[in-house]
> 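Please find one structure pasted underneath; my questions will follow.
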Amino acid sequence: MEVVRNAFDFSDFPKTDLLVVGCGLLFLLFFPLLPHSTFAMATMIQFLMFSLYGMGWNTIGGYGGQVDLGKAQYVGIGAYTTAVMLIRWDVPFWVSMPAGVMFSVTWSFIIGYPLFRLTGHYFAIATIATSLVLKDVFEVWDFVGAARGLEILATKYDAVDFTHLIFENDNYYYYILLAFFLLGILIINWFRHSRLGYQLRCIKDNELIAQSLGIDVHKSKVKTYALATAFVSVVGSFHACYIKNIEPEDTMSLDLSILIALMAMLGGAGSLWGPIIGAGILIPLKSYLKEWLGASAGLVGIDLILYALIIMVVSAVEPRGVWGLIEKIRARRT
Amino acid sequence: MTPLLRVERMTKTFDALVANREVSFQVNQGDLFGIIGPNGAGKTTLFNCIAGRYAPTSGRIFFDNRDVTSLSAHQMARLGLARTFQVYAASGDLTVLENVMVGCFLRTRSRFKARQRASEILEEFGLADLADTLLVEVPVAYQKLVTAATAVATRPKLLLLDEVAAGLNPTEVEQIMAMIRHINQNRGITVILIEHVMTLVMNLCHRIMVLDSGEKIAEGPPEEVAALPAVIKAYLGERYVQTQLGGQ
Amino acid sequence: MDILISSLVAGLLIGSVFALVALGLTIIFGVMDIVNFAHGEFLMIGMYTGILTVQVTGLDPLFSLPVALAVGFALGLLCYVGFVKYLLRGPMVAQLLGTFGLMLFLRNLVLLIFGSEDRGIHTGILVGKSLDLGMGVIIPATKLAAAVLSVLSFVAVYVFIHKTKLGKALQATALNRQAARYMGIPAERMNALAWGIGGATVTAAGALLVNFWSASPYVGLLFTMIAFAIVALGGFGSIPGAFFAALVVGLITEIPGIWDFFTYTFDNDWMADVPMNSFKYTGVYLTYFIIMVVRPRGLFGWKL
């Protein structure tokens, strides 16, 4: 099976990288056993979630170079599907999650088909537009709670409920998400080695040449967009069970879309570890800045100002992100 | 002598500008066919129409006994038509090997097969040393070789080369000529090339066609065509005068 | 009937202001092919400039227009020289990311200084006055003044670009950057000028809007999207296109009123049930999407 072989093939990374990754994995595996605050736990879960969002975005945005700023709509579709099915019909997570993916991917085909006739800025703005339209619809749609949103009552379920994915202890969420995270890395590693992955990188390089090499550019983009969507939708479903309180403003806002794109771009778009590095830097920074500066010092907004400054500096100095910086340093050494 | 490509009275206009007017010609299996003409004669537009980037305004194009007039670029590539571009604006992060692999991926899904075939092609083109270099960092002359190698990797029946020798020094032109001859003779790929470098055209091509202001003005073996008064006036004459004035 | 006419008039009035909002975006895009996501944030700053001018000087809100123009010009220039210039070397992704950073920065800077509550101006000679057109159509004087001043500013910029030497240099840069450079036009300075004018016009629009539209740090995005829709509809880089497209978009934002009119006229229960007011700006987003997919050159575009 070449798919499996591709998924587990990390041979193009130097040994030091793999060592760092191994240490990181060990840390992630044993983190809940180490002494930690609930705040640290919540931050770690956010980190894993945003790594996954970023990985999804990275397929179309990083490898394909199509800057998608509307990913939040799929977080919303995933989250709402799971929440609605759970609240109304008591559907297990493991059924509603694939259902959410199905809805998201269907929607991604519907809007992806016209969307990918656009490129560059025009594409980016159009993705924002579609996302905002969907958000407007969810804000008045009574079936899904309109602007009030939905709330999952945890008390209705057992303390440890694996079928509905409702837990009292965050450690359970953590390990389930970690499993998704590891699976996500393998899927992206497969994608990177797949024909589609190579074709997408060629498209990013030059669409005319891609076409001349027999690549159906439009179809490849739509396919990859669907893959990216599936990633985001799964995490959206998880988000519903974990946060238990969803409203359009949280799950479908432009800020979330930007944050998703940012993870990958800051870490290094178009590289396997980029989104993880990005989330590893941005999420703790955001959480703790807010905790220290925003909440305790009363300086609302200063965390985001620092945040914005980082984005501005990165985009002006090293647009390929942290990974680009690492590669630059390596190239200089040899 | 089976015809591989047949263009019938093809016209392409952009608004008021007529880029190609009623151009007809035929290229046989195994041919090495040259297209020459002054700048702006509509040579690249002709390529773009054949390769499916533009739809011709009127006329028809047959490739391998099929009417391909309305097919798009990627469909043409699948049918066995490969091409190079005058300007290769590579900006990305693909290495030479990966570039050629993308070409190989047209005929296989497997990365391992693609990698192996790509390595073989690089070996064949004498580019094996550059395999892991980023294409953007490769010298221009080699970039052209790489793009040709990538095109060959799609296993085409017909290869369109657009000014591959432009801007190269005589040694590099020799290298390119050897490569084209190799593609044509050893790989059995029919080649159509657009070229301004006359030594290359005169030495390589079996037949050439001359375009001027979008119209075909001559076709035949290189020596005969070069002797035609109309051609000298339209193309060689202009060049000749320029060299006499020391303009080149 | 009065609802219909009121809606149409209101749409055209707000559309005139929108024209000024979109003008800067289309100029910046025309000159340097960069999309500024912080555009709405400039407008938001214009709103606060208007509020501050009134509070500090005690003058009538109408006088805040020149202040806003100056602030906007300086801000646009500063953003270009201090930041955007460096983005131009990078790929498109970096430009998107960078102007997004700028957007977050400006938004949260204002949040830090002024807090998140809505603010507005409720003083001035025009407040409370209105123009009665008959048939129940009443136009508030603040809106009328804003529309008139917007159109005047718009025309002024248009004349500047088409009649002055500097404006023509700007146009030349937009048409063909390389050729303009060979003609001795300093492209770098033209970029800065475009950002200055772009900033000034949109900030001025903010100062005009704040007389009847409450300001908050989060108001920017909506206007960025409105400006994008207008520029897409009018054709990226086209100035006259932006004006007519802005009127169209102004009318689109008044669809709820028009909807109400038809609901009453037909006495239709189904139509009455649709919460059209919640979709006030959905039409704007849809306009962008549909126009880009169907006719990406816009209605009057000459450059893409």
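Proteins come first, then strands; the chains are lettered A, B, ... in the order of their sequence lines, and each starts at number 1.
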> Other residues, nucleotides and ligands only: do more than 12 of their heavy atoms fall within 6.0 Å of CZ on A:R5?
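Result for CZ/A:R5: open.
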> Which atom pair, heavy atoms only, marks the closest approach of B:A77 to A:S212?
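Scanning both residues, the minimum pair turns out to be CB-O, 3.4 Å.
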> Which region of A:D12, side chain (C-beta onward) or backbone (N, CA, C, O), has a non-hydrogen atom less than 4.5 Å from a non-hydrogen atom of chain B, or is it both or neither?
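Answer is neither: A:D12 stays 4.5 Å or more from chain B.
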> Is the number of heavy atoms from other residues, nucleotides or ligands within 6.0 Å of CZ (B:F112) greater than 12?
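Buried by this count: over 12 neighbours within 6.0 Å.
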> Would you mind telling me which of B:E98, B:M76, B:R83 has the largest number of heavy-atom pairs within less than 4.5 Å of chain A?
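The option with the most such pairs is B:E98.
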> For the residue pair A:D216 and B:R78, what are the closest heavy atoms and their distance?
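That closest heavy-atom pairing would be N-NH2, 3.7 Å.
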> Are more than 12 heavy atoms from other residues, nucleotides or ligands located less than 6.0 Å from atom CZ of B:R111?
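Correct, the count exceeds 12.
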> Any chance you could measure B:N99, atom CG, to A:I209, atom CD1, to the nearest 0.5 Å?
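CD1 of A:I209 is found 8.0 Å from CG of B:N99.
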> Where do B:V102 and A:Y198 come nearest, in terms of heavy atoms and distance?
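Heavy-atom minimum between the residues: CG2-O, 3.8 Å.
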> What do you reckon, is NZ of A:K223 surrounded by more than 12 foreign heavy atoms closer than 6.0 Å?
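More than 12 within 6.0 Å, yes.
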> So do A:L213 and B:T150 actually touch side chain to side chain, heavy atoms under 4.5 Å?
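A side-chain contact under 4.5 Å exists here.
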> Just wondering, more than 12 heavy atoms not from A:R330 lying within 6.0 Å of its CZ?
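Counting other residues, nucleotides and ligands, CZ of A:R330 exceeds 12 neighbours.
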> Using distance only, find each side-chain donor-acceptor pair of residues 132-140 of chain B under 3.5 Å and give its atom names and separation, not counting sequence neighbours.
residue: B:T133; atom: OG1; partner: B:L130; partner atom: O; Å: 3.1

> Should we count CD of B:E123 as having more than 12 external heavy atoms under 6.0 Å?
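No, because the 6.0 Å sphere around CD of B:E123 holds 12 heavy atoms or fewer from other groups.
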> So for B:T154, is it side chain, backbone, both, or neither that comes closer than 4.5 Å to the heavy atoms of chain A?
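Only the side chain of B:T154 comes within 4.5 Å of chain A.
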> Is A:L208 close to chain B through its backbone or its side chain, or both, or neither, when contacts mean heavy atoms under 4.5 Å?
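When you check distances to chain B, atoms from both the backbone and side chain of A:L208 fall under 4.5 Å.
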> Evaluate whether atom CZ of A:F116 has more than 12 neighbouring non-hydrogen atoms of other residues, nucleotides or ligands under 6.0 angstrom away.
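Yes.
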> Give the interface residues of residues 55-75 of chain B toward chain A, defined by a heavy-atom separation under 4.5 Å.
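Those residues of residues 55-75 of chain B which have a heavy atom under 4.5 Å from chain A are B:A73, B:H74.
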> Please look at B:R115 and chain A and tell me whether the side chain, the backbone, both or neither of the residue comes under 4.5 angstrom of a heavy atom of that chain.
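Side chain only.
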> What closest approach, in Å, do B:F105 and A:R195 show between heavy atoms, and which atom pair accounts for it?
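Minimum heavy-atom contact is O-NH1, 2.8 Å.
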> Quick one: pull up CD1 in A:I215 and CG in B:L106 and give me the separation to the nearest 0.5 Å.
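Between A:I215 CD1 and B:L106 CG, I get 8.5 Å after rounding to 0.5 Å.
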